[in-house]
Amino acid sequence: MARFRFHWLEAMLPLGIIGGFLCIMGNGQYYIHRAAHGRPKHIGNDMWDVAMERRDKKLVDKPAAN
């Protein structure tokens with residue numbers, strides 16, 4: 001009877017493997033995106049944010065008209 005008390009432990013190894021691989025894949029996506037774009041991904045970036053980043057980049061790169 002005592003050997004059936006911990007039958008749920010059989011599920012811990014597969015769940016640990018699945019959870020570990022989910023963490024590895026998430027970190028992989030983070031580092032690949034950072035390597036490709038030079039910065040971490042901005043979460044929730046919509047078209048307005050993209051347009052404002054483009055505008056800001058143009059303003060910063062443009063020499064002063066003085």
Side-chain angles (χ1 to χ4, degrees):
M1 191 73 138
R3 63 181 207 166
F4 295 113
R5 290 181 68 195
F6 298 108
H7 62 278
W8 56 271
L9 278 175
E10 293 179 14
M12 289 297 113
L13 181 61
L15 288 175
I17 292 170
I18 291 169
F21 276 106
L22 284 172
C23 292
I24 290 168
M25 290 305 299
N27 283 322
Q29 287 179 353
Y30 171 79
Y31 287 113
I32 290 169
H33 181 74
R34 195 177 75 178
H37 298 285
R39 61 189 171 145
K41 183 175 171 70
H42 179 101
I43 304 299
N45 218 6
D46 59 0
M47 293 302 289
W48 177 259
D49 294 326
V50 171
M52 291 298 105
E53 285 178 10
R54 210 174 281 142
R55 178 191 66 105
D56 292 344
K57 186 171 171 32
K58 268 197 244 179
L59 289 174
V60 169
D61 292 342
K62 184 177 174 181
N66 292 337

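- Every side chain to side chain contact (heavy atoms under 4.5 Å, CB included) that L59 has, sequence neighbours left out, goes to R55.
- Its side chain outside the 4.5 Å cluster rule for every partner, I43 clusters with none of the Ile, Leu, Val, Met, Phe, Trp and Tyr residues.
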Sequence neighbours excluded and cut-off under 3.5 Å, please list the side-chain donor-acceptor pairs for residues 19-34, or say none.
from : atom 1 : to  : atom 2 : distance (Å)
N27  : ND2    : C23 : O      : 3.3

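- Other members of the hydrophobic cluster containing W48, listed by chain and number, are M52; membership follows side-chain contacts under 4.5 Å among ILVMFWY residues, whether direct or relayed.
- Looking at residues two or more places apart in sequence or on another chain, you find a side chain to side chain donor-acceptor pair (under 3.5 Å) between R39 and E53.
- Listed by chain and residue number, K57 satisfy the side chain to side chain contact (heavy atoms under 4.5 Å, CB included) test with D61 (two or more places apart in sequence, or in another chain).
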